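Because the structure is a prediction, the values reported are computed rather than measured.
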Amino acid sequence: MKVVIAGAGAVGSSIARELLTNGHEVLLVDIKPEVVARSGLRGVKWLMGDACELTVLQESHLETAEVLVAATGDDKANLVVSLLAKSEFGVGRTVARVNNPKNDWLFDEAWGVDVAVSTPRIMTALVEEAVETGDLVRLLTLKSGQTTLVEFTVPAGHWADGRRLGSVSWPEDMSVVSIIRDTRPITPSDDDVMEAGDELFFLATEEAESRLRDVLVPEDERQARGQRESLSQRETRG
């Protein structure tokens, strides 16, 4: 797979290193020549220039890339590069870095962004995922905010423990895409039986995500959790 990455800073270089390790073809575009030596990357192709310039993207032969990654430290540049990649070169997949969470709302299909990656939001989700067993945690928003990737860790004693996936009346507009059990991924089927400790991953629309939360985290449990949090806060203030 050919991937063009705009921005060879710490983020862009790290992505390039991982992609190279996995055997992909990577072209890094950056306006600063000094980043080549600083990156320490071997096997990557380089193009010096401003990725916001149409002529630079033409020189990169962006139309032959499967994925464009806009990884600069400037949100405006990432939006422009994503839009050009979609509208002028027909790139199938664009991934854009969001530096300022306040700009999240801009990173959508209108600007040619398929996947927006906000580091603060991902870190928050990972923290929640690590501690919120028994709660539905949003990990990522895909495709213009219309589809989300969410995770649920089955706690001991939960109604899902011991149930077959196919026996559950899941909401429409969602699918179970993976189960992680004892660090091993499992491709789910209707006959798979859920177990305590399983990490269930779902793709869902935002509306389906709300209904899925109602299924997995009953209202009485949410209320009890809220009461425990309020009590904890009062004890902390006291």
What about [X] and [Y], same hydrophobic cluster or not, with Ile/Leu/Val/Met/Phe/Trp/Tyr joined at side-chain heavy-atom distances under 4.5 Å?
{"X": "F89", "Y": "V81", "result": "yes"}
{"X": "V154", "Y": "L216", "result": "yes"}
{"X": "V80", "Y": "V91", "result": "yes"}
{"X": "L19", "Y": "V4", "result": "no"}
{"X": "W111", "Y": "L84", "result": "no"}

Is a side-chain N or O of [X] found less than 3.5 angstrom from the main chain of [Y], in a donor-acceptor match?
{"X": "D161", "Y": "A156", "result": "no"}
{"X": "H24", "Y": "E18", "result": "no"}
{"X": "K86", "Y": "G92", "result": "yes"}
{"X": "T94", "Y": "G112", "result": "yes"}

Would you mind reporting whether [Y] and [X] have side-chain heavy atoms less than 4.5 Å apart?
{"X": "L62", "Y": "L68", "value": "yes"}
{"X": "F152", "Y": "M194", "value": "no"}
{"X": "L149", "Y": "F202", "value": "no"}
{"X": "R93", "Y": "V115", "value": "yes"}
{"X": "V95", "Y": "V117", "value": "yes"}
{"X": "V11", "Y": "R97", "value": "yes"}

Minimal non-hydrogen separation, I5 against A71, with atom names: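 Looks like CG2-CB, 4.3 Å.
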If every non-hydrogen atom of S14 is compared with every non-hydrogen atom of A10, which pair is closest and at what distance?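 Smallest heavy-atom distance, with atoms named: OG-O, 2.8 Å.
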Report the residues that fulfil side chain to side chain contact (heavy atoms under 4.5 Å, CB included) with S210, sequence neighbours left out, ordered by chain and then residue number.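 Residues passing side chain to side chain contact (heavy atoms under 4.5 Å, CB included) with S210: none at all.
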Got a sec, which residues hit side chain to side chain contact (heavy atoms under 4.5 Å, CB included) with T64, two or more places apart in sequence or on another chain?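 Once residues adjacent in sequence are excluded, the partners of T64 under the side chain to side chain contact (heavy atoms under 4.5 Å, CB included) criterion are K2, H61.
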Sequence neighbours excluded and cut-off under 3.5 Å, please list the side-chain donor-acceptor pairs for residues 167-180, or say none.
unit_1 : atom_1 : unit_2 : atom_2 : d
S167   : OG     : R163   : NE     : 3.2
S167   : OG     : R164   : O      : 2.7
W170   : NE1    : L165   : O      : 3.0

Any residue meeting salt bridge (Lys or Arg N to Asp or Glu O under 4.0 Å) with E195, in chain and number order, not counting sequence neighbours: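 Applying salt bridge (Lys or Arg N to Asp or Glu O under 4.0 Å) to E195 gives R181.
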Would you please name every residue forming a salt bridge (Lys or Arg N to Asp or Glu O under 4.0 Å) with K76, sequence neighbours left out?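 D74.
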Between T148 and E209, does the side chain to side chain donor-acceptor pair (under 3.5 Å) criterion hold? Intermediate values first, please. CA-CA 8 Å; T148 62; E209 179 187 336; 2.9 Å; yes
Side-chain donor-acceptor distances from residues 27-36 under 3.5 Å, at least two apart:
unit_1 : atom_1 : unit_2 : atom_2 : d
D30    : OD1    : K32    : N      : 2.9
D30    : OD2    : A8     : N      : 2.7

Once rounded to the nearest 0.5 Å, what's the spacing between atom CG of L20 and atom CD1 of I15?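 Reported to 0.5 Å precision, the distance equals 12.0 Å.
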Give, for atom CG of D192 and atom OG1 of T187, the distance between the pair rounded to the nearest 0.5 Å.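 The distance works out to 9.0 Å.
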State whether the number of non-hydrogen atoms from other residues, nucleotides or ligands found under 6.0 Å of N22 atom CG is greater than 12.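 Yes - once you tally the heavy atoms of other residues, nucleotides and ligands closer than 6.0 Å, there are more than 12.
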Taking side chain to side chain donor-acceptor pair (under 3.5 Å) as the test, write out the residues that go with T72, two or more places apart.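 T72 satisfies side chain to side chain donor-acceptor pair (under 3.5 Å) with N78 only.
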Using side chain to side chain donor-acceptor pair (under 3.5 Å) as the criterion, list what pairs up with D75, not counting sequence neighbours.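 Once residues adjacent in sequence are excluded, the partners of D75 under the side chain to side chain donor-acceptor pair (under 3.5 Å) criterion are N99, N103.
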Side chain to side chain donor-acceptor pair (under 3.5 Å), that's the test. Do E151 and T153 meet it? Break it down for me. CA-CA 7 Å; E151 183 270 351; T153 301; 2.5 Å; yes
Just to verify, which of L203, L212, V137 counts as forming a side chain to side chain contact (heavy atoms under 4.5 Å, CB included) with V150?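 Result: among L203, L212, V137, L212 is the only option passing the side chain to side chain contact (heavy atoms under 4.5 Å, CB included) with V150.
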Side chains of residues 40-55: which donor-acceptor pairs under 3.5 Å do they make with residues two or more places apart or in other chains?
unit_1 : atom_1 : unit_2 : atom_2 : d
K45    : NZ     : E25    : OE2    : 3.1
D50    : OD1    : C52    : N      : 2.9

